[in-house]
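Read the structure below first, then the notes.
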Number of protein chains: 2
Amino acid sequence: MKISAQEEYGLRCLVQLAALGEGESLTLPQIAGREGISAANAGKLMWLLNKAGFVRAIRGTKGGYSLARLPGEIYLSEVIKILDADEINTHCESYTGVLDLCVHNGDCGIRPVIVGLHEIVQDALSQITLAQLVGTEAKVDERFHRIQGLKNRHVSV
Amino acid sequence: MKISAQEEYGLRCLVQLAALGEGESLTLPQIAGREGISAANAGKLMWLLNKAGFVRAIRGTKGGYSLARLPGEIYLSEVIKILDADEINTHCESYTGVLDLCVHNGDCGIRPVIVGLHEIVQDALSQITLAQLVGTEAKVDERFHRIQGLKNRHVSV
DNA sequence: GCAAATCTTTACTTTTATGTCAAGATTAGC
DNA sequence: GCTAATCTTGACATAAAAGTAAAGATTTGC
């Protein structure tokens, strides 16, 4: 289970925009420079994020990208859903082996686990916004654990 | 965030072995047939799983594969760690863009989320054994939700 | 000890994901 | 309106993952 390059870099670019002040924006070369990727690659990612409505692009001199919504209102669950092309919904069609249809189609023993894991991850991501990813690693780490800590406190059945 | 082909098919092959009775085994063509993949592909996967100690292989006529441990004692967390080549430990080295080292090396705002997600997933997988994946989808689904349900019951902070 | 069945291993091919490029379109400022 | 800066788009190139093939090694049973 891994995070794709598109998810990784796409999210990082968004965090750069989330760190900007009101009215500021970044050009492709600026974003690329701050993330250590090529401007062409940043362009492709921003195109996707623009299409999905996360960012607002302005062309021409003085142009650039900025977030289309407040960083505190953009949840990672939404972002990842776009950047990983909603993978969970094509999972079973992707792993059909040499056949046209998965042999387990209709009654699959591992599907509940795949789907369940995805739900767990989406649930965790739905509690984090871009705004919470701005700052030092230590700070973000603390925020993340506080949020996750809430879920498993006082477990007794 | 997606599951690789190696994880998907590797796990499925293990579940086939977990469903066997005491002393039974399956050959590569049998495993391949039951999972709808080629025997060559099954061979590669079983080789990996054998190397990792999950299965026991016997060569020659009457040979085949069987689990090296009891299905109820093989946790998905261990299996996935092998099948995804322990991805989390190479994450930061994998996404360095056009540079030799990630620009965020040492202080990364999204790393806590990547690592945290991985922990959440591993935690969920560490509560499921191969034995629990044997059976109908409905049955497995029920087991999975019972296990996960336990974690979020009585949350109050 | 020979033959058939089976796993093992390495090299190769194919497919998919990633990343690059170049031409086009839009805007600001002169 | 012209120029420079910028985003947009589709085609292309590269790299990584997935899958295949073939030759080798081991075991059983006759």
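Protein chains get the first letters and strands the later ones, always in sequence-line order, with residue 1 at the start of each.
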task: Take atom CZ of B:Arg56 and atom C1' of C:dT8, then tell me their distance rounded to the nearest Å.
output: 17 Å
field: 5' precedence on DNA chain C between B:Gly63 and B:Val98 (nearest-nucleotide basis)
entry: B:Gly63
- prompt: Quick one: B:Leu28 CG to D:dG19 P, roughly how many Å, whole number?
  reply: 15 Å
- request: Determine yes or no for a side-chain-to-main-chain donor-acceptor pair under 3.5 angstrom, with A:Gln148 supplying the side chain and A:His145 the backbone.
  value: no
- prompt: Does a salt bridge link B:Glu78 with B:Arg69, judged by any charged N lying under 4.0 Å from a carboxylate O?
  reply: yes
message: With no hydrogens and no angle check, just 3.5 Å: does a side-chain donor-acceptor pair link A:Glu35 and B:His104?
response: yes
message: In whole Å, I'd like the distance from the CG atom of B:Leu99 to the P atom of C:dG19.
response: 12 Å
Could you go through nucleotides 25-30 of chain C and list every protein N or O atom that sits under 3.5 Å from one of its N or O atoms, giving the distance for each pair?
| unit_1 | atom_1 | unit_2 | atom_2 | d |
| --- | --- | --- | --- | --- |
| C:dT26 | O4' | A:Arg59 | NE | 3.4 |
| C:dT27 | O2 | A:Thr61 | N | 3.4 |

query: Just how far, in rounded Å, is C1' of C:dT10 from NZ of B:Lys51?
result: 13 Å
message: Between A:Glu93 and A:Thr90, is there a side-chain donor-acceptor contact under 3.5 Å, judged purely by atom types and distance?
response: no
message: By nearest atom, which of the nucleotides D:dA21, C:dT20, C:dT8 is closest to the A:Ala40 side chain?
response: C:dT20
message: Any base atoms under 4.0 Å from A:Ile31, or only sugar-phosphate, or nothing? Heavy atoms, all strands.
response: nothing
query: For the pair made of CG in A:Leu45 and P in D:dT8, what is the distance, rounded to whole Å?
result: 13 Å
Under 3.5 Å, which protein N or O atoms sit close to an N or O of nucleotides 15-18 of chain D? Give each pair with its distance.
| unit_1 | atom_1 | unit_2 | atom_2 | d |
| --- | --- | --- | --- | --- |
| D:dA18 | OP1 | B:Ala5 | N | 3.1 |

query: Reckon A:Ser38 has a side-chain N or O less than 4.0 Å from the OP1 or OP2 of C:dG19?
result: no
Closest listed nucleotide, where the reference is the side chain of A:Ala57 and the choices are C:dC21, D:dT8, C:dC7: D:dT8
task: Ignoring backbone atoms, establish whether A:Asn50 has a side-chain N or O less than 4.0 Å from OP1 or OP2 of D:dT8.
output: yes
- request: Check the pair A:Arg111, A:Cys92 against side chain to side chain contact (heavy atoms under 4.5 Å, CB included), reporting the backbone distance first and the verdict last.
  value: CA-CA 8 Å; A:Arg111 214 172 87 87; A:Cys92 294; 3.5 Å; yes
task: Identify the two heavy atoms, one from B:Ile114 and one from A:Ile3, that lie closest to each other, and give their separation to 0.1 Å.
output: CD1-CD1, 3.3 Å
- prompt: Does a side chain donor of either A:Glu8 or B:His91 reach within less than 3.5 Å of an acceptor in the other side chain?
  reply: yes
- line: From CD of B:Glu35 across to P of D:dG19 the rounded distance in Å is 13 Å
- request: Without swapping roles, check the side chain of A:Tyr9 against the backbone of B:Gly97 for a donor-acceptor pair under 3.5 Å.
  value: yes
d(CE, A:Met46; C1', D:dT6) in whole Å: 13 Å
Under 3.5 Å: donor-acceptor pair, side chain of B:Asp107, backbone of A:Glu137: yes
message: Less than 4.0 angstrom between a side-chain N/O of B:Trp47 and OP1 or OP2 of C:dC7, yes or no?
response: no
field: Rounded interatomic separation in angstrom, taking CG from B:Leu49 and P from C:dT8
entry: 11 Å
task: Quick one: label A:Gly64 by what it contacts on the DNA or RNA (base, sugar-phosphate, nothing), any heavy atom closer than 4.0 Å.
output: sugar-phosphate
- request: Grab the two heavy atoms, one from B:Leu11 and one from B:Val79, that are nearest each other, plus how far apart they are.
  value: CD1-CG1, 4.3 Å
